[in-house]
Student: 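After the structure tokens below, expect a handful of questions from me.
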Protein chains: 2
Amino acid sequence: MRVGELSKRSGVAVPTIKYYLREGLLPAGVLTSPNQAYYDDEHLRRLRLVRALIDVGGLSIASVREVLAAIDTRDESLHNKLGAVQEAISQPGTVELDPLAVADVQAFFARHGETECADVTESNVTHMLAAALSSGRSIGHDQIRDLLDPYLEGLKIIAQADLEYVVRHTSPDDVIEAMVVGTLIGDTVLKALRRLAHAQVSRDMIGDGPAPN
Amino acid sequence: MRVGELSKRSGVAVPTIKYYLREGLLPAGVLTSPNQAYYDDEHLRRLRLVRALIDVGGLSIASVREVLAAIDTRDESLHNKLGAVQEAISQPGTVELDPLAVADVQAFFARHGETECADVTESNVTHMLAAALSSGRSIGHDQIRDLLDPYLEGLKIIAQADLEYVVRHTSPDDVIEAMVVGTLIGDTVLKALRRLAHAQVSRDMIGDGPAPN
DNA sequence: CTGAATGGATAGCGGCACTCTCTACTATCC
DNA sequence: GGATAGTAGAGAGTGCCGCTATCCATTCAG
């Protein structure tokens with residue numbers, strides 16, 4: 001297909017597709033003439049993935065490029081790939097870390113038998129965790145660390161479901177893509193469901209009881 | 001204190017504080033002269049809250065304004081306040097909804113005894129959920145709906161911890177603020193922990209086993 | 001043959017979150 | 001009683017990001 005059809009089928013405007021091509025988010029089509037290129041279903045699929053990463057994952061163009069690079073790498077183990085992708089989809093942010101929050105994170109790791117976390121800033125993910133706790137501390141919520149253990153309990157169930165989803169629904173080739181998509185879409189789904197759960201709790205506990213205001 | 005000290009104590013640059021004042025994120029200080037105003041600890045606290053919403057929650061200035069307005073409203077019940085806040089911290093996004101995804105969401109609600117969800121687009125939260133499933137479908141992951149139930153299982157534990165946290169650690173006046181902060185910081189914490197759980201699973205299942213690549 | 005579409009490239013735009021600059025003060029230190 | 005530093009307020013400017021518009025030469029479809 002040519003760019004017009006790609007645009008129609010994906011719902012992405014032609015100039016935007018051109019922009020993605022320029023930015024390297026989409027591989028160039030096969031040129032049949034100096035100004036004619038053909039795109040296949042793989043391009044369509046990739047384009048939809050890019051849009052999903054941007055729309056649902058809220059990733060920047062730069063992050064999308066990193067994620068795609070990690071997905072496309074052939075010479076690394078699956079585990080390393082996933083690690084690279086996770087770094088790409090976890091932006092560090094600009095909060096400066098509170099040493100006490102860092103200590104909370106380290107204590108949490110120690111409690112759960114993780115030994116290799118000497119430096120929290122080494123990974124975006126642990127940095128993210130420490131940054132969140134730091135922010136909490138800055139506004140007087142230093143007890144958020146108490147939530148880590150129950151959260152982990154809940155997440156065991158969730159991560160288990162994630163794992164089963166991946167092994168059940170995807171061919172080995174697509175494992176990484178499925179994990180990326182599942183992680184990002186899963187984040188959004190979790191967010192939404194958690195808010196619904198809060199609303200329900202609030203309705204049960206507060207709405208029906210005596211209104212404090 | 002004056003703006004300089006407010007800046008030093010919060011780590012926010014003076015021009016930025018002035019900008020927040022102009023944008024109504026921070027109430028004006030008490031003017032003692034035409035060009036002298038005094039700020040108290042409440043201003044500092046509010047400023048830190050604003051930064052937390054922006055840094056950790058990733059909220060826009062406009063969303064922060066909405067959240068603060070909801071927090072400061074005096075004439076609504078706690079339950080309604082929380083609802084308003086949730087709408088503010090859940091931006092709808094631009095994805096168009098897949099009717100099948102909408103049906104998945106409705107089926108999920110029906111399964112769990114929620115009857116009042118005739119229109120998914122009524123609330124940002126349910127819209128978010130439908131949008132996430134739609135995005136999944138567009139890239140061939142229509143089975144993500146199977147994750148909803150296990151996610152809910154895990155989230156029951158997590159929401160329960162959230163509830164206990166709120167009732168244990170906050171005075172009634174600060175309940176809404178605690179829920180906002182807890183929700184947003186909690187989102188980030190959950191994200192990070194989920195990634196760590198995935199990494200652990202990946203290490204156990206793939207890293208140690210035979211590498212598929 | 002002709003009008004629409006294409007590949008490629010460069011420039012421009014709109015929104016956002018600041019950041020700069022300026023004026024007219026005021027507070028404080030020596 | 002200067003000199004210096006800080007301040008309120010407001011408008012303009014900045015830098016980045018994700019597109020979007022324009023242009024050209026070419027080529028395809030009817």
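Note that this is a predicted model, so its numbers are computed, not measured. All values below were derived from every heavy atom in this structure, side-chain atoms included, with hydrogens, water molecules and symmetry-related copies excluded.
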Student: Rounding to an integer number of Å, can you tell me how far Leu6(B) CG sits from dG6(D) P?
Tutor: 16 Å
Student: Figure out the CZ/C1' separation between Arg2(B) and dG9(D), and round it to whole Å.
Tutor: 16 Å
Student: What is the distance, rounded to the nearest whole Å, between atom CZ of Arg65(A) and atom P of dG18(D)?
Tutor: 9 Å
Student: Kindly point out which of dG7(C), dC18(C), dT26(C) is positioned nearest to the side chain of Gln36(B)?
Tutor: dT26(C)
Student: Between the side chains of Ser138(A) and Ser135(A), does any donor sit under 3.5 Å from an acceptor?
Tutor: no
Student: To the nearest Å, give me how far apart CD (Glu5(A)) and P (dA29(D)) are.
Tutor: 12 Å
Student: Take atom CD1 of Ile17(A) and atom P of dG18(D), then tell me their distance rounded to the nearest Å.
Tutor: 17 Å
Student: Checking all strands, does Pro34(B) fall into the base, sugar-phosphate, or nothing category for heavy-atom contacts under 4.0 angstrom?
Tutor: sugar-phosphate
Student: Is the distance from OP1 or OP2 of dA9(C) to the nearest side-chain N or O of Tyr19(A) less than 4.0 Å?
Tutor: no
Student: May I have the distance from Leu21(B) (atom CG) to dG9(D) (atom C1'), rounded to whole angstrom?
Tutor: 10 Å
Student: Taking only the side-chain nitrogens and oxygens of Tyr20(B), find out if one of them lies under 4.0 Å from OP1 or OP2 of dT19(C).
Tutor: no
Student: Measure CE/Met1(B) against P/dA27(C) and give the value in whole Å, please.
Tutor: 18 Å
Student: Measure the CZ-OH distance between Arg145(B) and Tyr151(B) for me, rounded to the nearest 0.5 Å.
Tutor: 15.0 Å
Student: May I ask you to evaluate whether Arg51(A) reaches the phosphate of dC19(D), defined as a side-chain N or O under 4.0 Å from OP1 or OP2?
Tutor: yes
Student: Please classify the nucleic acid contact of Tyr38(A) as base, sugar-phosphate, or nothing, using heavy-atom distances under 4.0 Å.
Tutor: nothing
Student: Look at the side chain of Ser134(B) and the backbone N and O of Leu97(B), then say whether any donor-acceptor pair between them is shorter than 3.5 Å.
Tutor: no
Student: Side-chain N or O of Ser33(B) versus OP1/OP2 of dA8(D): is the shortest distance under 4.0 Å?
Tutor: no
Student: What contact category does Leu31(A) fall into here, base, sugar-phosphate, or nothing, at under 4.0 angstrom with non-hydrogen atoms?
Tutor: sugar-phosphate
Student: Select from Thr32(B) and Leu59(B) the residue whose nearest nucleotide in DNA chain C is closer to the 5' end of that strand.
Tutor: Leu59(B)
Student: With a 3.5 Å cut-off and just heavy-atom distances, do the side chain of Arg22(B) and the base of dG11(D) make a donor-acceptor pair?
Tutor: yes
Student: Do Lys18(B) and dA10(D) share a donor-acceptor pair, side chain to base, under 3.5 Å?
Tutor: no
Student: Let me know the distance between CD of Glu23(B) and P of dA17(C), rounded to the nearest Å.
Tutor: 9 Å
Student: More than 12 heavy atoms of other residues, nucleotides or ligands under 6.0 Å from CD of Gln143(A): yes or no?
Tutor: yes
Student: Donor-acceptor pair, distance only, cut-off 3.5 Å: does the side chain of Ser90(B) make one with the backbone of Gln86(B)?
Tutor: yes
